[in-house]
There are 2 protein chains.
Amino acid sequence: MKVLFVEDDLLLGDGVETALRREGHQVTWLTEGESVLEHVEQGQAEAVILDLGLPGIDGMEVLRRIRAAHDIPVLILTARDSLEDRIQGLDAGADDYVLKPFDVDELQARLRAISRRQGGRTQPSIRVGPLHIDHARHEVSWKDRLVKLSRREYTLLHELAQHPGQVFTRPHLEKLLYGCSDEIESNALEVHIHHLRKKLDSNLIVTLRGIGYRLDDTIE
Amino acid sequence: MKVLFVEDDLLLGDGVETALRREGHQVTWLTEGESVLEHVEQGQAEAVILDLGLPGIDGMEVLRRIRAAHDIPVLILTARDSLEDRIQGLDAGADDYVLKPFDVDELQARLRAISRRQGGRTQPSIRVGPLHIDHARHEVSWKDRLVKLSRREYTLLHELAQHPGQVFTRPHLEKLLYGCSDEIESNALEVHIHHLRKKLDSNLIVTLRGIGYRLDDTIE
DNA sequence: AAAAAACTTAACGATGTCGTCATGGGCACC
DNA sequence: GGTGCCCATGACGACATCGTTAAGTTTTTT
């Protein structure tokens with residue numbers, strides 16, 4: 001999961017970042033709050049961990065702005081003694097809070113909890129017509145038949161299924177698979193799409209020439 | 001873990017009770033607050049989940065009485081808009097609170113969190129098909145036959161059995177075994193998995209290439 | 001102190017996965 | 001209808017991951 005992590009303490013931040021990465025997350029770590037909204041608006045995050053005690057900026061205000069326009073889980077970090085902050089934070093739309101000093105494992109657990117809860121429901125599984133993705137089990141079925149997907153195939157499909165019907169640009173999908181590293185000069189993406197079509201249904205993924213791909217959410 | 005659950009809403013209560021039982025807890029569900037103290041005093045509970053919005057009785061008062069005499073984790077349920085309740089609740093000694101409407105998974109997570117803080121024990125017994133783990137005894141049986149596991153093997157299996165069917169990433173499991181220390185560059189994890197398969201059933205633990213492992217909860 | 005158990009590490013083969021390429025097809029625009 | 005361009009497809013070699021065995025080291029038991 002793409003996590004936006006905002007923390008000005010370098011030592012603490014480094015530790016948490018490492019822990020999050022080790023858990024398999026894709027972490028962007030900011031040491032100040034200015035560009036948080038920017039990142040969120042660019043769709044660079046699926047969850048935000050926000051330290052309310054940032055210097056020079058009102059973390060609470062950042063939180064409110066995020067919440068005003070985006071439906072993204074936000075977890076706030078706050079000092080143990082600032083009860084007011086906690087309550088205010090939750091009222092401003094934070095999904096959860098963790099008290100400093102905290103246990104990294106608990107942070108991870110809560111991160112999982114809030115991201116799973118997104119969309120109101122506890123349902124960690126996605127359905128698009130005959131397609132069913134159970135993210136917790138990392139399993140995909142098509143018309144109630146289990147289909148084995150490789151890691152890249154799964155990542156790709158899962159991303160597309162996040163917003164069925166919506167177009168995902170090629171650069172976006174390529175970055176998803178290959179990180180921020182240099183662009184690869186090959187048709188690897190097309191090949192993976194091809195494999196997905198073969199394993200599922202050739203009409204499930206729609207090509208938009210020159211743009212990208214999208215999941216057909218009207219499929220029967 | 002023995003959980004005392006106090007909630008007057010029958011529909012909600014039923015769902016939560018089922019979820020808690022599924023997690024392996026031993027649940028006592030009360031729909032009124034009168035006998036809460038009684039249960040606690042008889043040692044019938046290791047944790048309390050208390051709805052503050054009970055009709056006809058002051059939940060806060062119940063909370064204070066529990067706290068006055070017992071060192072037992074208490075998690076309160078409260079409506080999103082009752083700011084006063086929350087602050088009072090925490091001041092009265094609640095270990096955490098969950099806002100209604102809430103996600104059952106989060107409730108579970110918080111329950112684990114507060115009971116761990118307490119130094120409490122986890123759930124006594126887990127069953128997944130023919131697999132049975134008695135955490136109190138630190139014993140594992142397969143098809144009613146006792147199996148001797150080493151420490152690492154047990155830790156690994158116990159973690160997987162915490163959420164049968166769910167994928168656990170390799171980094172997660174490695175961290176479980178080897179702590180936060182630097183990444184180990186050996187296949188120790190695979191070896192332990194191998195030993196577990198040999199001692200139990202080779203199909204019990206499913207490999208997800210490039211991702212991690214999970215327990216097959218559909219096993220006969 | 002000796003023996004047993006548990007653990008780590010290494011090695012290697014089997015298999016799965018991935019990126020790349022070559023080729024051919026189809027869409028768009030003129 | 002021709003001409004590029006973009007995409008689909010199948011094949012293949014390079015590489016990564018995993019299972020398994022075995023040897024060596026540490027820890028615990030006797």
Side-chain angles (χ1 to χ4, degrees), chain A residues 21-24 138-140 146-160 167-216, chain B residues 138-140 146-160 167-216:
Chain A
R21 284 197 195 282
R22 198 167 292 159
E23 188 77 358
H138 215 266
E139 270 180 1
V140 173
L146 213 68
V147 180
K148 264 193 70 181
L149 296 187
S150 79
R151 196 179 39 165
R152 295 262 140 97
E153 287 160 9
Y154 182 91
T155 307
L156 211 48
L157 183 65
H158 183 253
E159 180 75 1
L160 291 174
V167 182
F168 289 79
T169 64
R170 293 179 59 110
H172 177 91
L173 295 173
E174 280 168 2
K175 201 161 65 182
L176 175 75
L177 294 183
Y178 309 111
C180 297
S181 67
D182 297 75
E183 303 200 1
I184 50 156
E185 264 324 301
S186 91
N187 61 349
L189 176 59
E190 291 155 23
V191 174
H192 290 305
I193 293 282
H194 173 54
H195 289 152
L196 278 173
R197 284 174 171 152
K198 226 157 87 176
K199 288 183 177 180
L200 302 168
D201 187 300
S202 57
N203 298 318
L204 177 64
I205 299 173
V206 181
T207 306
L208 289 116
R209 275 182 88 83
I211 312 290
Y213 298 90
R214 67 177 175 82
L215 222 61
D216 181 6
Chain B
H138 211 268
E139 273 179 359
V140 173
L146 212 66
V147 180
K148 265 194 69 181
L149 296 186
S150 76
R151 202 183 65 217
R152 295 264 138 100
E153 288 160 7
Y154 182 89
T155 306
L156 210 47
L157 183 66
H158 182 253
E159 180 74 1
L160 291 174
V167 181
F168 289 78
T169 63
R170 289 182 62 111
H172 178 94
L173 295 174
E174 281 168 2
K175 198 171 68 187
L176 176 75
L177 295 183
Y178 307 109
C180 296
S181 68
D182 294 79
E183 306 196 2
I184 52 160
E185 72 282 329
S186 95
N187 59 352
L189 176 59
E190 290 150 26
V191 175
H192 291 305
I193 293 281
H194 174 57
H195 290 153
L196 278 173
R197 284 175 171 152
K198 227 157 84 177
K199 289 184 177 179
L200 303 168
D201 187 301
S202 59
N203 297 318
L204 177 64
I205 299 172
V206 181
T207 305
L208 289 117
R209 264 185 105 80
I211 309 292
Y213 298 90
R214 67 180 174 81
L215 223 61
D216 182 6

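By convention in this document, chain letters (A, B, ...) are assigned in the order of the sequence lines, proteins followed by strands, and residues within each chain are numbered from 1. The basis for the numbers below is simple: all heavy atoms, side chains too, and nothing from hydrogens, waters or symmetry mates.
The minimum heavy-atom distance linking Arg214(A) with Leu160(A) is given by the pair CA-CD2, 4.4 Å. Contact detail for Phe168(A) and Glu159(A): the closest heavy-atom pair is CZ-O, 3.2 Å. Across all their heavy atoms, Leu215(A) and Ile205(A) have their closest contact at CD1-CG1, 4.0 Å.
Side chain of Ala188(A), nearest nucleotide from dG19(D), dT20(C), dT15(C): dT20(C). The side chain of Arg151(B) lies closest to dC7(C) when the candidates are dC7(C), dG19(D), dA8(D). Distance from the side chain of His194(B) is smallest to dT20(D) among dA8(D), dG19(C), dT20(D). If you check dA28(C), dT17(D), dT20(C) against the side chain of Arg209(B), the one that comes closest is dT17(D). The nucleotide whose nearest atom lies closest to any side-chain atom of Val191(A) is, among dG19(D), dT20(C), dG16(C), dT20(C). Among the nucleotides dC7(D), dC18(D), dC18(C), the one closest to the side chain of Thr207(A) is dC7(D).
When rounded to the nearest whole Å, the span between CG of Leu196(B) and P of dT20(D) equals 13 Å. Atom CG in Leu208(A) sits about 13 Å away from atom C1' in dC6(D), given to the nearest Å. As a whole-Å value, the separation of Glu174(B) CD from dC7(C) C1' is 15 Å. Atom-to-atom, NE2 of His195(B) to C1' of dT21(D) comes out at 9 Å; the value is rounded to the nearest Å. One atom, CG of Leu173(A), and another, C1' of dC18(C), lie 17 Å apart when rounded to the nearest Å. Rounded to whole Å, atom P of dT28(D) lies 15 Å from atom NZ of Lys148(B). Residue Arg152(B) contributes atom CZ, which lies 11 Å from atom P of dT27(D) at whole-angstrom precision. Atom CD of Glu190(B) is separated from atom P of dA11(C) by 15 Å (rounded to the nearest Å).
A salt bridge links Glu190(A) with Arg170(A): at least one charged nitrogen is closer than 4.0 Å to a carboxylate oxygen.
Dashed line: the shortest gap from a side-chain N or O of Ser150(B) to OP1 or OP2 of dC7(C) is under 4.0 Å. OP1 or OP2 of dG19(C) has at least one side-chain nitrogen or oxygen of Tyr178(A) nearer than 4.0 Å. Considering only side-chain N and O atoms, Arg170(A) lies under 4.0 angstrom from the phosphate OP1 or OP2 of dC7(D).
Among the protein residues, Tyr154(B) comes within range of no part of the nucleic acid, since none of its heavy atoms lies under 4.0 Å from any strand.
Of the residues near DNA chain D, Arg197(B) and Ile193(A), the one whose nearest nucleotide (by heavy atom distance) lies more toward the 5' end is Ile193(A).
The shortest distance between side-chain heavy atoms of Leu176(A) and Thr155(A) falls below 4.5 Å.
Residue Asn187(B) places no side-chain atom within donor-acceptor reach of the base of dT21(D), judged by atom type and a 3.5 Å distance cut-off alone.
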